[in-house]
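Reading through the structure tokens given below for one structure.
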Amino acid sequence: MGTSPFRPFTSHYVVLPGENIDTDQIIPARFLTTTERTGLGQHAFHDWRYLPDGTAIPHFPLNTAAARHARILVAGHNFGCGSSREHAVWALQGAGFDAVVSSQFADIFRGNALGNGLLPIEVSKRMLARLVDIASSQHMASLAVDLETQTVQLPDGDGFRFPIAPFAKHCVLAGIGEMDFLLAATDRITAFEATHS
Amino acid sequence: MMLVASRPRTLFEKIWDAHVVRAATASIPAVLYVDLHLVHEVTSAQAFNDLRARSLRVRRPDRTIATMDHSTPTTPRHGRRASLATLPLIADDARAQLDHLARNCEEFGVPLYALGDDRQGIVHVIGPEQGFTQPGMTVVCGDSHTSTHGAFGALAFGIGTSQVAHVLATQCLLQTKPKTMEVNVTGRLAKGVGAKDLILAIIAQLGVGGGTGHVIEYTGEAVKALSMDERMTLCNMSIEAGARAGMVAPDDTTFAYLAGRAQVPKGNQWDATVSRWRLLRSDDGARFDTSVSIDASELAPMITYGTNPAMGMAITSTVPDPVTRVEGSDRDGLTKALHYMGLNAGQPMLGTPVDVVFLGSCTNSRISDLRSAAQILRGRHIAPSVRMLVVPGSQQVKQQAEAEGLDRIFLQAGAEWRESGCSMCIAMNGDSLKPGQVAVSTSNRNFEGRQGAGGRTLLASPLTAAASAVAGVVADPRSFTMELAN
Ligand code: SF4
């Protein structure tokens, strides 16, 4: 399915410093009984955000005032590992995020994110540490993200480029999904099936 | 005709090459054909909705099979036939999701092994069991443990729900070619040490992100010696090292397992097929992007102490100390994990009190896993403080176990003998830990809350699970004096 075209934006960011944040944390399995893509944002990081009685844990980064309206999540190495649930991406988008920054993304998560127009921005471990540092000393530190130029601008004016495969970039920028490309290959698929056992 | 120079290829490359419908260009990834598409209730509803929204059909219902496993109840039905209308203990939204799957399969002509079908079970158990999974195939499912099917020398990997829609509609995926990794396992596993211990040791060595971007091929003496059930355990957890897939080259063990299964070729065709399958191995001199090796003979039973599957160690070791960790490692992560687990650095795991033992999941719920646990439970009783759930991976496994009398061994030992499904591996169906409870579990993930919010999971083999159930604390299965058959 198509998504909306990705536009350059500037937003403050929230930091979840832990490494290996798995998709069970991003969206616990008990919320996977939905048959829709929407409505998952309220459950993002549920068990880190709320006590069992439902009260919000005040110091959890996503519950702080600074996190409100943040469109960028900065998270530790190997973000999105574990389960293939695309619900993790839908939950992050539902919670208002348009980009996630980490020094490594798990394969399936990365694919799911790109397919939905949630931009995974891979940075060096040093840059990640720097972003975490900046956020700890500067309230509402923000980043400017531009996919066209594959650049991120830091608050101090410094910037960096991030990698993305040309095809993924094209799809996310234009807000188109892979389905159209596959459907366009129908004749080739039919020809392949004729000889493939 | 152009002659193609025969460069030595890995098993992965052979399967990949045979499924490229359209080669990658500089701007578009390869179109890869999918031979077998497995579907379950949790990750498919939105995909069927996508098809409906675009008035698309399922291109190859004959290459698609669906089952109900994740949110299904496993409470004993005592021979009564299960139907969606009479399910016990199931939340309304779970029922609605199962209902959705049934209606989607009906509408799109996809064969469904529904609750009540005697072939129902965990998607990664029934695929191989019915002979759907075969060497050389590409297999996908909206489920990360699809890597299980790589045990047959298939290229099998998990996909997201949007990709499920792609495969339903076109039988293809756009794919960027992954890298390859060889994990060479030398030596032989000692008595009391199994495939689960081996894969936990491999994951501890690679780390949870160490396999990212790679397809692993497991090679070496120890791997060749494994049964198919054990190879499935091994490949199943490849994803826990971040790998895209795990695979083992097919051999006589593979062919013997498949012979006579419902979906495999019969008669002359069988022989011809096996001859083709024999070519499916990495050529001498084929190059892997990465190679690691591990000595099986040095391994002990493994147990995890933390909140990801790489936080594992020999069961006789002590919990590592974040303070003495090398610079740059994830000290904070370990500190946080130990806090969540209620464990202290330096403490032994042996003797840790256990509340629940879960024997099940697509990692360890096949017949050999049940037999293995039954070796220890036969004539013994689990500790009074322990609740033990035995959840066979499929109805077929359940029937086989009952024919062998394993159910009576479990019941007499004080364990629960339940219906097939994912159950407490993912705790979506009501089978769940209570906050703070410690479980020794044969499943694959010890993430926070995986088996129920606040629950604490120790991953281990079926033997270790059974030994711990009897002892009421984490126990070394090798300390049970009976002759372990291995
Ligand atoms: S048993 Fe667990 S890991 Fe396997 S498919 Fe079910 S939920 Fe996933």
Side-chain angles (χ1 to χ4, degrees), chain A residues 1 17-20 22-25 28-37 46-48 52 76-79 81-90 104-113 115-116 125 165-168 170 177-179 181-183 185-186 188-189 191-193 196-197, chain B residues 18-19 21-22 26-29 31 33 42-43 45-46 49-50 53-54 59 70-71 91 93-94 96-97 100 142-144 158-163 165-166 169-174 176 178 208-209 212-213 239-240 242 244 308 330 332-333 336 426-428 435 445 447-450 453-454:
Chain A
M1 301 303 270
E19 295 189 5
N20 305 313
D22 59 81
T23 53
D24 273 87
Q25 307 317 312
R30 62 185 184 281
F31 301 116
L32 304 186
T33 47
T34 176
T35 53
E36 303 295 328
R37 285 180 162 91
H46 186 280
D47 295 347
W48 286 357
H77 194 69
N78 195 34
F79 185 77
C81 61
S83 155
S84 64
R85 60 189 72 165
E86 198 162 316
H87 309 68
V89 170
W90 302 330
Q104 181 173 304
F105 293 95
D107 291 327
I108 307 178
F109 177 84
R110 179 202 297 274
N112 287 342
N116 286 277
K125 283 194 163 179
F167 178 72
H170 171 73
E178 296 182 355
M179 182 74 101
F181 290 87
L182 287 164
L183 289 170
T186 299
R188 296 288 290 266
I189 298 169
F192 179 88
E193 281 178 331
H196 182 71
S197 54
Chain B
H19 290 84
V21 171
R22 194 179 67 198
S27 56
I28 306 183
V31 175
Y33 195 75
V42 178
T43 55
Q46 295 87 348
N49 290 345
D50 289 357
R54 302 180 64 141
R59 182 179 177 90
H70 282 65
S71 51
D93 48 355
Q97 193 174 54
H100 251 82
D143 196 288
S144 61
I159 56 177
T161 295
S162 297
Q163 291 177 308
H166 302 162
T170 69
Q171 205 59 30
C172 289
L173 285 168
L174 287 172
T176 307
V208 267
T212 303
I239 180 69
E240 309 312 338
R244 210 64 192 86
N308 72 49
D330 187 20
D332 295 346
K336 187 167 172 278
I426 190 163
M428 282 186 72
R445 287 188 171 140
F447 298 147
E448 287 181 29
R450 171 76 178 190

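Only heavy atoms go into these numbers, but all of them, side chains included; no hydrogens, no water, no symmetry mates. Reminder, nothing fancy here: chain letters follow the sequence lines and each chain counts from 1.
Heavy atoms of B:Ile28 lying under 4.5 Å from chain A belong to its backbone as well as its side chain. With a threshold of 4.5 angstrom between heavy atoms, B:Ala165 approaches chain A through its backbone and through its side chain. Only the side chain of A:His87 comes within less than 4.5 Å of a heavy atom of chain B; its backbone N, CA, C and O stay farther away. For B:Arg244, the parts lying under 4.5 angstrom from a heavy atom of chain A are both the backbone and the side chain. Contact annotation for A:Asp107: both backbone and side-chain heavy atoms come within less than 4.5 Å of a heavy atom of chain B. Both the backbone and the side chain of B:Asp93 have a heavy atom closer than 4.5 Å to some heavy atom of chain A. For chain A, the nearby part of B:Ser27 is the backbone; its heavy atoms alone come within less than 4.5 Å. Heavy atoms closer than 4.5 Å to chain A are found in both the backbone and the side chain of B:Val21. Proximity to chain B is limited to the backbone of A:Phe105, based on heavy atoms less than 4.5 angstrom apart.
Considering only heavy-atom pairs separated by less than 4.5 Å from chain A, the leading option among B:Pro178, B:Gly449, B:Gly213, B:Pro435 is B:Gly213. Note: A:Gly82 leads A:Gly82, A:Ala191, A:Ala168, A:Cys81 in heavy-atom pairs under 4.5 Å with chain B. For the set A:Gln104, A:His170, A:Arg30, the entry with the most heavy-atom pairs within less than 4.5 Å of chain B is A:Gln104. Chosen from B:Ala453, B:Gly333, B:Gly454, the residue pairing most often with chain A at heavy-atom distances under 4.5 Å is B:Ala453. Comparing A:Thr34, A:Thr186, A:Asn116 by heavy-atom pairs within less than 4.5 Å of chain B, the highest count is held by A:Thr34. Comparing A:Ala88, A:Ala29, A:Pro166, A:Gly111 by how many heavy-atom pairs each has under 4.5 Å with chain B, the most go to A:Ala29.
With values rounded to the nearest 0.5 angstrom, A:Asp22 atom CG is found 8.5 Å from B:Arg450 atom CZ. For the atom pair A:His196 NE2 and B:Gln171 CD, the distance stands at 9.5 Å (nearest 0.5 Å).
Residues B:Ile159 and A:Ser84 fail the side-chain proximity criterion, which asks for heavy atoms closer than 4.5 Å. Here the side chains of A:Ile108 and B:Ser144 are in contact, with some heavy-atom distance below 4.5 Å. Within the 4.5 Å cutoff, the side chain of B:Phe447 has no heavy atoms near those of the A:Thr23 side chain. Side-chain contact between A:Asn78 and B:Thr212 is present, with heavy atoms from C-beta onward closer than 4.5 Å. Side-chain atoms of B:Thr170 and A:Leu183, non-hydrogen and from C-beta on, do get closer than 4.5 Å to each other.
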Run B:His70 and A:Leu32 through side chain to side chain contact (heavy atoms under 4.5 Å, CB included) and show every step you take. CA-CA 10 Å; B:His70 282 65; A:Leu32 304 186; over 6 Å; no
Would B:Arg59 and A:Ile189 count as a side chain to side chain contact (heavy atoms under 4.5 Å, CB included) if you check the C-alpha gap in whole Å, the side-chain angles of each, and the deciding distance to 0.1 Å? CA-CA 10 Å; B:Arg59 182 179 177 90; A:Ile189 298 169; 3.5 Å; yes
What's the verdict on salt bridge (Lys or Arg N to Asp or Glu O under 4.0 Å) for A:Arg37 and B:Asp50, showing C-alpha distance, side-chain angles and the deciding distance? CA-CA 11 Å; A:Arg37 285 180 162 91; B:Asp50 289 357; 2.7 Å; yes
Run B:Arg445 and A:Ser83 through side chain to side chain contact (heavy atoms under 4.5 Å, CB included) and show every step you take. CA-CA 9 Å; B:Arg445 287 188 171 140; A:Ser83 155; 3.5 Å; yes
Side chain to side chain donor-acceptor pair (under 3.5 Å), that's the test. Do A:Glu86 and B:Thr43 meet it? Break it down for me. CA-CA 8 Å; A:Glu86 198 162 316; B:Thr43 55; over 6 Å; no
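Taking the six-membered ring where tryptophan is involved, the planes of B:His19 and A:Phe192 are tilted, since the angle between them lies from 30° to 60°.
Judged by distance alone, the side chain of A:Thr33 and the main-chain N or O of B:Ala94 form no donor-acceptor pair under 3.5 Å.
The two atoms that bring A:Leu182 and B:His166 nearest to each other are CD1-CB, 3.5 Å, heavy atoms only.
A donor-acceptor contact under 3.5 angstrom links the side chains of B:Glu448 and A:Trp48, judged on distance only.
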